[in-house]
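Side-chain atoms are counted along with the backbone in the values below, which use heavy atoms only and exclude waters and symmetry mates. Counting from 1, the numbers follow the sequence of the chain as shown.
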Amino acid sequence: MVSSNLGPISPGFGCEAELVDEIVEELKKRMKTRGDTGQIQRAEQQLHEIAILKGEVANVNAKLDAVLQHLNIAAPQPQKMM
């Protein structure tokens with residue numbers, strides 16, 4: 001017997017164990033596929049957000065460079081990333 005939001009499901013009144021096992025395996029495969037798809041969609045969304053942030057950082061850097069140039073201040077040397 002398999003439970004769902006609609007109540008218990010018992011193909012063949014629970015006597016067809018092979019059919020029940022087949023249904024359970026198919027549902028587990030579908031759940032895994034949905035989970036994998038969800039992870040891919042979240043990763044794609046994060047990449048999109050990172051691209052937006054890179055653009056915003058570049059814009060802020062350009063503004064800061066303009067202010068430094070206007071005030072005749074030398075820009076600090078970039079630090080190496082670890």
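- Between the CG atom in L27 and the CD atom in E22 there is a gap of 10.5 Å [rounded to 0.5 Å].
- The CD atom of E18 sits 9.0 Å away from atom CD of E16, with the distance rounded to the nearest 0.5 Å.
- Remark: K32 engages D36 in a side chain to side chain donor-acceptor pair (under 3.5 Å) (not counting sequence neighbours).
- In this structure, E26 and K29 have side chains that are in contact, with non-hydrogen atoms separated by less than 4.5 Å.
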Going by atom type alone, with no hydrogens or angles, which donor-acceptor pairs under 3.5 Å involve a side-chain atom of residues 37-54 and a protein atom two or more places apart or on another chain?
from: T37; atom 1: OG1; to: T33; atom 2: O; distance (Å): 2.9
from: R42; atom 1: NH1; to: G38; atom 2: O; distance (Å): 3.4
from: Q45; atom 1: NE2; to: E49; atom 2: OE2; distance (Å): 3.1

Which side-chain N or O atoms in residues 67-82 pair as donor and acceptor under 3.5 Å with protein atoms at least two apart or in another chain?
none

